[in-house]
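For ligands, and for the atoms within them, numbers begin at 1 and follow the listed sequence. These figures come from a predicted structure and were not determined experimentally.
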Amino acid sequence: MPDTMHRIALARRPKGLPVPEDFAYESCEMPAPGEGEVLVAVTHLSLDPYMRGRMDDVKSYAPSVAIGGTMTGQGVGHVVASNAEGFAAGDLVTGITGWASHAVLPGTELRKLDPGTPPSAALGVLGMPGFTGWTGLREFADMKAGETLVVGAATGPVGSMVGQLARLAGLRTVAVAGGAEKCRLALETFGFDAAIDHRAHADASSLRAALAEVAPDGIDVYWENVGGKLLHAVLPLMNVHGRIPLCGTIAWYGGVEGDGTDHLPGLWRSILVKRLKVSGMIIFDHWDLYPQFLTEVGPKVAGGEIRYLEDIAEGLENAPAAFISMLQGGNVGKQVVAL
Ligand code: NDP
């Protein structure tokens with residue numbers, strides 16, 4: 001057992017898109033587990049868009065990371081030492097380890113994984129993002145066969161789950177993704193009926209014209225991952241009584257489209273005119289459904305009916321660069337860091 005562990009701390013609060021100087025790679029003393037606790041050696045770390053919000057000092061649905069604190073996040077790893085009932089050295093587990101090589105967590109906050117589970121899948125297709133897609137469709141989309149669904153960030157773990165489940169439910173599915181290669185993956189790997197490259201359209205009206213062509217009957221369900229230009233493009237194309245599960249607004253997380261200031265007033269009236277049902281969702285509220293998700297979707301993933309892509313960066317020290325890249329669309333599939 002080494003004496004030291006490594007972690008990525010928040011060095012300062014970013015302005016807009018994070019830069020490498022906002023993070024610090026540090027070594028510190030290896031912690032020892034207390035009563036009821038487990039020491040985990042992390043093998044895979046999840047990088048998720050929500051982490052950008054945790055870097056800001058604003059009141060939100062979850063606490064922000066303190067300056068000097070370890071960046072938050074879910075990891076998968078092996079138990080090294082356990083003082084908690086039900087956990088033994090060698091067990092494969094997942095929990096909120098943070099961006100760190102090792103973590104001490106109460107046994108009550110860890111979940112054991114089947115030793116056969118691909119660790120990175122537990123963070124993506126069968127983890128929080130895949131579960132988000134399944135839950136949001138089930139709870140908020142009211143999908144009907146023959147309707148049209150549009151989703152942005154369509155090759156990521158949330159968007160690809162949404163698109164595939166909607167297709168299986170008999171909807172026409174339209175992907176919006178960044179670049180020709182991601183559009184090809186949306187069509188060929190994930191089976192979308194059409195794919196639009198948002199980067200090929202300078203403004204919302206050009207993007208809207210492209211969407212109108214591939215959604216000739218209008219849009220019934222817009223799964224909101226993005227905000228920004230895509231939201232402006234989509235809203236006028238929504239059918240009366242359309243549904244918008246509002247999952248994320250990554251275009252406004254300080255990346256390429258800025259910080260979201262003053263975007264909403266022009267959009268508000270469309271919700272009235274079309275009598276749209278917009279449902280903000282945070283996956284925290286729905287963890288009681290997780291076993292049902294695994295029962296329903298696990299076999300579809302194992303059988304290849306639901307497919308997934310992963311983008312695996314190597315080394316904890318490279319997590320900040322992979323994260324910054326993901327916020328700008330540099331990832332192809334679920335962004336994971338292998339330690
Ligand atoms: P992804 O792996 O899909 O990564 C983010 C993707 O967003 C990028 O690859 C890029 O894809 C796209 N993107 C970035 N900037 C823009 C932009 N300006 N316009 C259009 N697309 C952009 O992420 P996830 O699947 O993990 O998450 C998708 C969304 O779901 C995020 O908004 C996230 O915050 C949200 N989320 C919300 C949860 C909740 O509980 N509400 C839970 C989990 C996720 P491309 O290159 O194709 O443009």
What are the atoms of ligand 1, with element, lying closer than 4.0 Å to any heavy atom of [X]?
{"X": "K182", "result": "9 (O), 11 (O), 45 (P), 46 (O), 47 (O)"}
{"X": "A251", "result": "17 (C), 18 (N)"}
{"X": "A153", "result": "3 (O), 6 (C), 7 (O), 12 (C)"}

4.0 Å heavy-atom contact, [X] with ligand 1:
{"X": "M128", "answer": "yes"}
{"X": "Y253", "answer": "yes"}
{"X": "G152", "answer": "no"}
{"X": "I282", "answer": "yes"}
{"X": "K229", "answer": "no"}
{"X": "Q335", "answer": "no"}

Test side chain to side chain donor-acceptor pair (under 3.5 Å) on E224 and Y222; report intermediate values, then the result. CA-CA 6 Å; E224 176 64 302; Y222 171 52; 2.5 Å; yes
Using distance alone, with no hydrogens and no angle criterion, decide if [X] and [Y] have a side-chain donor and acceptor under 3.5 Å apart.
{"X": "S206", "Y": "H201", "value": "yes"}
{"X": "K334", "Y": "S46", "value": "yes"}
{"X": "T135", "Y": "H286", "value": "no"}

Quick one: does ligand 1 sit under 4.0 Å from the side chain of [X], the backbone, both or neither, non-hydrogen atoms only?
{"X": "R199", "value": "side chain"}
{"X": "L327", "value": "backbone"}
{"X": "T249", "value": "backbone"}
{"X": "V226", "value": "side chain"}

Should [X] be counted as touching ligand 1, given the test is an N or O pair under 3.5 Å?
{"X": "C247", "result": "yes"}
{"X": "N331", "result": "yes"}
{"X": "M281", "result": "yes"}
{"X": "I283", "result": "yes"}
{"X": "H198", "result": "yes"}
{"X": "D48", "result": "no"}
{"X": "G178", "result": "yes"}
{"X": "V158", "result": "yes"}
{"X": "T132", "result": "no"}

Parallel, tilted or perpendicular: which describes the rings of F131 and W134, with under 30° parallel and over 60° perpendicular? parallel
Side-chain donor/acceptor pairs under 3.5 Å, residues 59-74, sequence neighbours excluded:
from: S64; atom 1: OG; to: D56; atom 2: O; distance (Å): 3.3
from: T70; atom 1: OG1; to: R7; atom 2: NH1; distance (Å): 2.8
from: Q74; atom 1: NE2; to: T94; atom 2: OG1; distance (Å): 2.8

Assess whether atom CD of E85 is packed by more than 12 heavy atoms of other residues, nucleotides or ligands within 6.0 Å. no
